[in-house]
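Keep in mind that the numbers below use all heavy atoms, side chains included, and drop hydrogens, waters and symmetry copies. Proteins come first, then strands; the chains are lettered A, B, ... in the order of their sequence lines, and each starts at number 1.
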Amino acid sequence: MRWVLVVREAAATAWASKVPSALVGLLVAVMCAATIATVGRTAAAEQQLTDRLDEAGSRVLAVADARGEGLLPATVVDQASTLSTVERGVGTLIPVDVVNGVIGQGGTRVPAWGVHGDLTAVADLQAGRWPGQGEAIVTDTAMTQLGMADPFGWVALASTSEVDDWSVVGTFTPRDPFGDYAAGVLYVAPADQPVDTLQVVLTDASAAQVTQASVLALVDPPTPDAVTITSPVSLADLQAQVTGDLAAFGATLLLGVLGGGALLVAIVVLADVLVRRKDLGRRRALGATRATIITLVIGRTLAPAILGAALGVAAGLALAARLGQDNIPPADFTTGTATLALIAATTAAIPPALYAATRDPVRILRTP
Amino acid sequence: MLALEGVSFAYARGAEELFGGLSHVFTPGVVTAVTGPSGRGKSTLLYVLGLMLTPSQGRVLLGGEAVSAAPDAVRARVRAHRIGFVFQDAALDPTRTVLDSVIEPALYAGWRLGDARARGSGLLEQMGVSARAGHRPGEISGGQAQRVAVCRALVTDPVVVLADEPTGNLDRDNAAGVLAALSAAAGGADQAAESADKGAGSGPDRGTSEGRTVVIATHDPFVLDHADEVLAL
Ligand SMILES: Nc1ncnc2c1ncn2[C@@H]1O[C@H](COP(=O)(O)OP(=O)(O)O)[C@@H](O)[C@H]1O
Ligand SMILES: [Mg+2]
């Protein structure tokens, strides 16, 4: 039998027995709508949680030299920045206040951070060039505060006891999660001076545990309290736990909805097969193979199921939207649900189809 | 050529054996009436010939092949391509049009829809029921329904036509019409088949025009009078 004609016969059969077809369509629609409105909400929640934890701010591991013992030399910063689980990293000195060198000590003070390592890890250059030794870059905000019209000139240490200054060679905007630097100035830290804080951005929050161990091995503090650590380890644990719980809950719910729906579809299709056994017996007598009968029964189920899935997805999304914009599940969840519901309906049609295909056509035709 | 070779059949193990090793050659172009008292196995014999029941002993030969021993899928294909059935109650699909019912075996035989429709329309025309092609079986008379059933039996231009009490529910005039159609079918390829052959790539299996084997299970004296050959069970 040609495929197009199998489809035509299946559609005609589905259309001819409207009640079972309507029931199959309704069941699949309910399966989809219920899944999207319930499991979809957990999927949406999980997605939000994951998004939030993926933000750079949730992926920062910071190690500070608690007592200023020089535990964080430049080499440690360089090594830590190249770990495979580290996206980028820098070492910073405790900020100092600087003033516009032209105005002098009376000028407005802004904070300045000495940075060791790749400045591109913390800043995007807006104008001018990257600074070298003895040079600095400023943000627009800091420039205004310092009273500079252009990113040229120099800033000096706001101190009466010490003297130090840096030439300003450009402007920058801080990169996420280093928004603090928006208020001030970044200068290149002297290479021979150990930094006070090492900050690395992890590739993934879940890598917090291993990265923390690797970084501590590099730092090698004499005592555990020689360093203070700010780490997303507990956050990553929380994420794993929460998404795990949500996934387990969602999977159970999904299995229940699809399994229950499939069972009901199987009952409806079996009833239809029993009612139409004369039709199927005639088909067999006239030359339909068992494979054709099986295909027809599955096809007559799938036709209303596809319609039901489309309606159910639409209804489920509408329902989720009414419960709040945050409840709308991701698109792949929606298509996945429709696909799963259709697979469930198809699977449910297989036992009745096998039953129909293996009946004795003679016995059926003889039964008045 | 259709033949029975030492065929017996029992509905269940240990149940009554029917036919007792019956051998018979059904000649193409000949209308054979299978007769006998009710319950003797006329219908059963037709189902055995139609490969829907497998003999407990012996075999059914079609074109020299022991088709009764073939796997189910092969037997279904033989039914679709080479055997036409007429049941006592026309057994048309009540939800489909007359033309859709007529072309059903052709679909199982793998024909294109257009070819099947052309062939089906031609047969309905010949049988004088083309005006009913678009109607449902509930909208036509019993005599018309049985003539439609004959069209369906002939749609794939089969070598064998099996009819089980085709006139059982009909008045004399309608019975005569159906019998005439079956006799004509035994006579050879009809015009509709020839015109369909020319147009369609999906041709029937029968190469020659030596006529069809027609077997009618009946106890209708009118049919027995007009059959070429009578096989009494
Ligand atoms: N499905 C069946 N199971 C068991 N016995 C059957 C079945 N169908 C028919 N029979 C028996 O087989 C015999 C032949 O039946 P049938 O072929 O219908 O005879 P006929 O057509 O000559 O009246 C009868 O005795 C009938 O009771
Ligand atoms: Mg009978």
Side-chain angles (χ1 to χ4, degrees), chain A residues 1-22 271-300 303-304 353-368, chain B residues 9 11-12 43-48 50-54 71-97 100-117 136-137 149 152-153 155-156 158 162 164 202:
Chain A
M1 201 169 172
R2 284 163 193 276
W3 272 107
V4 279
L5 296 179
V6 172
V7 172
R8 179 180 181 267
E9 284 297 304
T13 308
W15 181 248
S17 27
K18 294 187 180 58
V19 173
S21 297
D272 182 49
V273 157
L274 290 173
V275 167
R276 288 182 68 90
R277 65 183 183 280
K278 257 211 129 68
D279 176 69
L280 296 165
R282 185 199 70 241
R283 289 179 188 277
R284 286 282 281 145
L286 295 179
T289 58
R290 286 189 173 137
T292 300
I293 297 293
I294 291 170
T295 316
L296 284 177
V297 173
I298 291 174
R300 67 89 58 245
L354 288 173
Y355 176 82
T358 50
R359 284 316 86 188
D360 177 6
V362 171
R363 202 169 289 233
I364 294 167
L365 287 168
R366 278 166 166 269
T367 316
Chain B
F9 178 83
Y11 273 101
S43 301
T44 306
L45 186 65
L46 246 55
Y47 290 127
V48 169
L51 310 181
M52 284 190 275
L53 295 176
T54 304
D72 183 83
V74 174
R75 284 184 283 128
R77 216 157 291 137
V78 172
R79 280 202 295 278
H81 289 263
R82 297 161 76 185
I83 300 177
F85 270 99
V86 181
F87 307 100
Q88 178 165 2
D89 60 337
L92 304 175
D93 187 337
T95 65
R96 307 295 290 278
T97 64
D100 273 340
S101 278
V102 168
I103 66 171
E104 206 183 312
L107 304 187
Y108 304 137
W111 286 35
R112 286 174 200 286
L113 188 60
D115 298 342
R117 279 189 163 158
R136 316 261 151 192
R152 182 178 63 190
V155 75
T156 56
L162 306 171
D164 190 5
S202 50

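Between A/Arg2 and A/Arg8, every side-chain heavy-atom pair lies at or beyond the 4.5 Å cut-off. The closest side-chain heavy-atom distance from A/Val273 to A/Leu280 is below 4.5 Å. With a 4.5 Å cut-off on side-chain heavy atoms, B/Leu53 and B/Thr44 count as touching.
Heavy-atom minimum distance, B/Ala106 versus B/Ala116: CB-CB, 3.8 Å. Scanning both residues, A/Arg276 and B/Asp93, for their nearest heavy atoms gives NH2-OD2, 4.1 Å. Between A/Met1 and B/Leu107 the shortest heavy-atom distance is CG-O, 3.3 Å. The two residues B/Ile103 and B/Val155 come nearest to each other via the heavy atoms CA-CG2, 4.2 Å.
For residues 282-289 of chain A, heavy-atom neighbours of chain B at less than 4.5 Å comprise A/Arg282, A/Arg283, A/Arg284, A/Ala285, A/Leu286, A/Gly287, A/Ala288, A/Thr289, sorted by residue number. Proximity to chain B among residues 13-22 of chain A is limited to A/Ala16, judged by heavy-atom separations below 4.5 angstrom. Contacts between residues 290-299 of chain A and chain B, defined by a heavy-atom separation under 4.5 Å, are made by A/Arg290, A/Thr292.
Applying the side-chain hydrogen bond (donor to acceptor under 3.5 Å, both in side chains) criterion to A/Arg359, with sequence neighbours excluded, gives no partner residue.
No other option in B/Gln88, B/Arg152, B/Arg75 has as many heavy-atom pairs under 4.5 Å with chain A as B/Arg152.
Residue B/Asp164 does not touch chain A at all, counting heavy-atom pairs closer than 4.5 Å.
Taking CE of B/Met52 as the start and CG of B/Leu46 as the end, the distance is 8.5 Å to the nearest 0.5 Å. Rounded to the nearest 0.5 angstrom, B/Leu162 CG and B/Leu45 CG are separated by 9.0 Å.
A donor-acceptor pair under 3.5 Å is formed between the side chain of A/Arg277 and the backbone N or O of A/Leu274.
No side-chain N or O of B/Tyr108 forms a donor-acceptor pair with one of B/Thr156 less than 3.5 Å apart.
Between B/Phe85 and B/Phe87, the ring-plane angle classifies as parallel under the 30° and 60° cut-offs.
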